[in-house]
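Accompanying notes for the structure given below.
All residue numbers in this chain count up from 1 along the given sequence. Remember, it's 1-based here, ligands and their atoms both numbered in the order they're listed. Given the structure is predicted, the values throughout are model-derived calculations rather than measurements.
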Amino acid sequence: MKKKILIGLLIFVLLFGFVQFFRPERNWQINKSRNEIFYKKEADPKIVTMLKTSCYDCHSNNTAYPWYNNIAPVSWMIANHVKEGKVKLNFSEWDLYIPEKQHELLEEIIEVVEEGEMPLSSYLIIHSYAKLSTSDKEILKFWATDKMVEIENSTK
Ligand code: HEC
């Protein structure tokens, strides 16, 4: 009986060691993106900080990785969140979206923030500082609405 447990443990340790060789590529752009949402347009520093703190890890070209990103399979899960998050919305490539798309994304941002869907709850367990307070949400919604009106006026 004890032997079986030991063999099981050994297999686990070997497998765990083996998967460490599979490292996902890091999401890190060295140069500042010229298409970033705040590159040409200034915004309330509160908004900039809020988005960078709570959203940029999954919705930009630069993820601030935690130490445990060096450990598979956690690293795979993080890579997946970043990949899926960036496909839906990438603040680093914001200026490349057509105005209609930007408008749609802003509407979605308001929606997910209102419903508490973002930042992802699994992320908030560890990054508690990324949680948005009620007043953060109000400021963010106000900013997004403002931006939507700006787009509506410029595409008239
Ligand atoms: C831990 C990673 C992570 C963080 C942090 C995060 N998101 Fe996301 N986000 C995702 C993933 C993954 C998806 C795509 C899957 C989905 O829609 O659930 C997504 C999708 C979205 C979408 C598209 C929703 C849809 O219905 O298609 C919006 C808008 C969004 N996020 C906004 C935000 C905002 C705003 C923040 C910060 C307040 C944020 N996200 C923080 C991972 C994240």
The test is side chain to side chain contact (heavy atoms under 4.5 Å, CB included); show your working for Ile139 and Ile47 and say whether it passes. CA-CA 7 Å; Ile139 298 170; Ile47 289 292; 3.6 Å; yes
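Residue Thr155 comes nearest to Pro99 through the heavy atom pair CG2-CB, 3.7 Å, listed as atom of the first residue, atom of the second, then distance. The minimum heavy-atom distance linking Ala130 with Tyr123 is given by the pair CB-CE2, 3.7 Å.
Atoms of ligand 1 lying under 4.0 Å from at least one heavy atom of His81, given by number and element, are 12 (C). In summary, the atoms of ligand 1 found under 4.0 Å from a heavy atom of Glu108, numbered by their order in the structure, are 23 (C), 24 (C), 25 (C), 27 (O), 29 (C). Residue Tyr123 approaches ligand 1 through these ligand atoms, each under 4.0 Å from one of its heavy atoms: 1 (C), 5 (C).
Taking the six-membered ring where tryptophan is involved, the planes of Tyr56 and Phe38 are essentially parallel, since the angle between them stays under 30° and well short of 60°. Using the six-membered ring where Trp is involved, Tyr129 and His127 have ring planes that are perpendicular, over 60° apart on the 30 and 60° scheme.
Ranking protein heavy atoms by distance to atom 11 (C) of ligand 1, first place goes to Gly85 CA, 3.7 Å. Ser54 O, 3.5 Å is the protein heavy atom nearest to atom 41 (C) of ligand 1. Closest protein heavy atom to atom 4 (C) of ligand 1: Cys58 SG, 3.3 Å. Given atom 38 (C) of ligand 1, the protein heavy atom at minimum distance is Cys55 SG, 2.7 Å. Taking atom 15 (C) of ligand 1 as the reference point, the nearest protein heavy-atom neighbour is Glu84 OE1, 4.4 Å.
Distance CG/Leu89 to SG/Cys55: 8.0 Å, rounded to 0.5 Å. The distance from atom OG1 of Thr63 to atom CG of Asn61, rounded to the nearest 0.5 Å, is 8.5 Å.
Here His59 meets the criterion, with an N, O or S atom under 2.8 Å of atom 8 (Fe) of ligand 1.
Every heavy atom of Asp57 sits 4.0 Å or more from the atoms of ligand 1.
A donor atom on one side chain and an acceptor atom on the other are not found under 3.5 Å apart for Tyr39 and Asp95. Between Asn27 and Lys83, the side chains place no donor N or O within less than 3.5 Å of an acceptor N or O (distance only, hydrogens not considered).
When the side chains of ILVMFWY residues are joined at heavy-atom separations under 4.5 Å, either directly or via intervening members, Leu140 and Trp94 end up in a single hydrophobic cluster.
For atom 42 (C) of ligand 1, the nearest non-hydrogen atom from the set Val112, Leu120, Leu140, Val87 comes from Leu120. In this structure, of Lys52, Met118, His127, Lys131, the residue bringing a heavy atom nearest to atom 18 (O) of ligand 1 is Met118. Evaluated by nearest non-hydrogen atom to atom 28 (C) of ligand 1, the leading choice among Leu106, Thr53, Leu89 is Leu89.
Contacts between Glu111 and ligand 1, counted as non-hydrogen atom pairs separated by less than 4.0 Å, are absent for every part of the residue.
At a 3.5 angstrom cut-off on N or O pairs, Lys88 counts as close to ligand 1.
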